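A quick write-up on the structure given underneath.
This structure is a prediction, so every number in the text was calculated from the model and none was measured. We name chains A, B, ... by the order of the sequence lines, and we start the count at 1 in each one.
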Protein chains: 2
Amino acid sequence: MKNRLKVLRAMRDWSQQDLADRLEVSRQSVNAIETGRYDPSLPLAFRIADVFEMPIEEIFERD
Amino acid sequence: MKNRLKVLRAMRDWSQQDLADRLEVSRQSVNAIETGRYDPSLPLAFRIADVFEMPIEEIFERD
DNA sequence: TCTTGATGTAAAGTGTGTTTGTCATGATTC
DNA sequence: GAATCATGACAAACACACTTTACATCAAGA
């Protein structure tokens, strides 16, 4: 899966730590997801969608 | 997370095995997801959305 | 009644998601 | 040039997703 986390984060001028705090996960998780080392769980994907106020499909893409 | 798999499957008259075949996972995985024992991975959630031709948000719900 | 299909569940194993802790690097600032 | 911040990465440990095999129950039909 590809994702637009880095761009969406940049648009809001949030650091990885800022986003991690909002998602209540570790900064390393945000980094790993952004750099494509692994995909988030479904519950975390929903929280990401909540934080960015967008549907999951607009944040993640099949690759 | 809650999900509408069982209903969506019933609407198409598919058995758990039918759905498992389309998703290329085991029937036990379908059953476990339906009965709420665990949530699918994000890639599997996307495949489920593909099979039912609906957005993920219309199949799964925060609980 | 015997069988067959659909479903729920369990144990054991593999792989992935997530955490904490740590280190390295580049950019910024004092 | 020392300090700080943002980022990328790795390792160990643990939790969860998923598979295979297997067994039990129930309903429907022959």
Side-chain angles (χ1 to χ4, degrees):
Chain A
M1 313 241 30
K2 290 180 178 175
N3 71 74
R4 305 204 298 129
L5 278 200
K6 193 167 188 164
V7 173
L8 295 172
R9 195 166 56 75
M11 287 170 61
R12 288 158 181 77
D13 197 26
W14 291 346
S15 68
Q16 290 182 346
Q17 185 63 63
D18 291 334
L19 177 55
D21 290 344
R22 288 169 203 264
L23 295 172
E24 297 181 294
V25 295
S26 66
R27 181 186 69 83
Q28 284 81 348
S29 287
V30 170
N31 183 274
I33 293 166
E34 274 193 12
T35 57
R37 284 207 297 288
Y38 53 72
D39 298 319
S41 66
L42 186 59
L44 179 50
F46 266 88
R47 274 184 278 152
I48 293 171
D50 286 343
V51 163
F52 289 120
E53 298 179 299
M54 311 174 67
I56 289 180
E57 280 86 352
E58 287 183 23
I59 302 175
F60 298 91
E61 275 180 18
R62 303 144 182 87
D63 58 3
Chain B
M1 315 243 23
K2 290 181 180 177
N3 72 73
R4 304 205 297 130
L5 279 200
K6 194 167 187 164
V7 173
L8 294 172
R9 194 167 57 73
M11 288 169 62
R12 287 158 182 78
D13 197 25
W14 292 345
S15 67
Q16 291 182 343
Q17 185 63 63
D18 291 333
L19 177 55
D21 290 344
R22 288 170 203 263
L23 295 172
E24 296 182 295
V25 295
S26 66
R27 179 184 70 81
Q28 285 78 354
S29 287
V30 170
N31 183 274
I33 293 166
E34 274 193 13
T35 57
R37 283 207 297 288
Y38 54 73
D39 297 319
S41 65
L42 185 59
L44 180 50
F46 266 88
R47 275 185 277 150
I48 292 171
D50 286 343
V51 162
F52 288 121
E53 297 179 301
M54 309 175 69
I56 290 179
E57 279 86 353
E58 287 184 24
I59 302 174
F60 298 91
E61 274 180 21
R62 303 142 182 86
D63 58 1

Could you give all pairs that pass the ring-ring contact (aromatic ring centres under 6.0 Å, His included) test and reach residues 31-51 of chain B, with sequence neighbours left out?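 Applying ring-ring contact (aromatic ring centres under 6.0 Å, His included) to every pair that reaches into residues 31-51 of chain B, excluding sequence neighbours, yields nothing.
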Decide yes or no on side-chain contact (heavy atoms from CB on, under 4.5 Å) for B:I48 and B:N3, but give the supporting numbers first. CA-CA 11 Å; B:I48 292 171; B:N3 72 73; over 6 Å; no
Of all residues at least two apart in sequence or in a different chain, which pass the side-chain hydrogen bond (donor to acceptor under 3.5 Å, both in side chains) check with B:R37?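 If we apply the side-chain hydrogen bond (donor to acceptor under 3.5 Å, both in side chains) test to B:R37, skipping adjacent residues, the hits are B:T35.
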CG on B:L42 to CD1 on A:I56, rounded to 0.5 Å: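 Output value for this atom pair is 6.5 Å.
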Could you work out, with side chain to side chain contact (heavy atoms under 4.5 Å, CB included) as the rule, every residue matching B:Q16, not counting sequence neighbours?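 Listed in chain order: B:R9, B:R27, B:V30, B:N31, B:E34.
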Residues that A:V7 engages under side chain to side chain contact (heavy atoms under 4.5 Å, CB included), provided they are two or more places apart: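 For A:V7, the residues satisfying side chain to side chain contact (heavy atoms under 4.5 Å, CB included) (neighbours in sequence not counted) are A:M11.
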Is there a side-chain contact between B:L44 and B:I33, using heavy atoms and a 4.5 Å cut-off?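 Contact flag for B:L44/B:I33 side chains = yes.
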Please work out which residues in residues 11-22 of chain B have a non-hydrogen atom less than 4.0 Å from an atom of DNA chain C and list them by number.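 DNA chain C contact set from residues 11-22 of chain B: B:S15, B:Q16.
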Mind running a 4.0 Å heavy-atom check of residues 49-63 of chain B against DNA chain C and sending the residues that fall below it, in number order?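 None, since no heavy atom is under 4.0 Å.
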Using a 4.0 Å heavy-atom cut-off to protein, can you give one letter per nucleotide of nucleotides 18-25 of chain D, 5' to 3': B if the base is in contact, S if only the sugar-phosphate is, - if neither? BBBBB---
Between which nucleotides of DNA chain C, read 5' to 3', does contact with chain B run, using atoms under 4.0 Å from its heavy atoms?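 Under 4.0 Å from chain B, the extent on DNA chain C is C:dT7 to C:dA10.
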OP1 or OP2 of D:dA6 under 4.0 Å from side-chain N/O of A:K6: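 For A:K6, the contact criterion (side-chain N or O under 4.0 Å from OP1 or OP2 of D:dA6) is not met.
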Rounded to whole angstrom units, what separation is found between the [atom1] atom of [X] and the [atom2] atom of [N]?
{"X": "A:N31", "N": "D:dC5", "atom1": "CG", "atom2": "P", "answer": "18 Å"}
{"X": "A:L5", "N": "D:dG8", "atom1": "CG", "atom2": "P", "answer": "11 Å"}
{"X": "B:M1", "N": "D:dC16", "atom1": "CE", "atom2": "C1'", "answer": "15 Å"}

If a pair satisfies side chain to side chain donor-acceptor pair (under 3.5 Å) and one of its residues is in residues 40-61 of chain B, list it, with sequence neighbours excluded.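 Listed by first then second residue: A:R62-B:D50.
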Please give me the minimum heavy-atom distance between [X] and [Y], naming the atom from each residue.
{"X": "B:D63", "Y": "B:K2", "answer": "CB-CG, 3.7 Å"}
{"X": "A:D18", "Y": "A:D13", "answer": "OD2-O, 4.3 Å"}
{"X": "A:A49", "Y": "A:P55", "answer": "CB-C, 4.4 Å"}

Counting runs of three or more consecutive pairs, Watson-Crick or G-U wobble, with each distance below 3.5 Å, where are the stems of DNA chain D?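 Consecutive-pair runs (3 or more) involving DNA chain D: C:1-30 with D:1-30.
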Measure all distances between protein nitrogen or oxygen atoms and nitrogen or oxygen atoms of nucleotides 27-30 of chain D, and list the pairs falling under 3.5 Å.
none

Side-chain donor or acceptor of B:D39 paired with backbone N/O of A:P43 under 3.5 Å: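 Side chain of B:D39 to backbone of A:P43: no pair is present.
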Can you list everything that forms a ring-ring contact (aromatic ring centres under 6.0 Å, His included) with B:F52? Sequence neighbours excluded, please.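 ring-ring contact (aromatic ring centres under 6.0 Å, His included) list for B:F52, sorted by chain: B:W14.
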Please determine whether side-chain contact (heavy atoms from CB on, under 4.5 Å) holds for the pair A:R22 and A:R12, giving the CA-CA distance in whole Å, both sets of side-chain angles, and the decisive distance to 0.1 Å. CA-CA 13 Å; A:R22 288 169 203 264; A:R12 288 158 181 77; over 6 Å; no
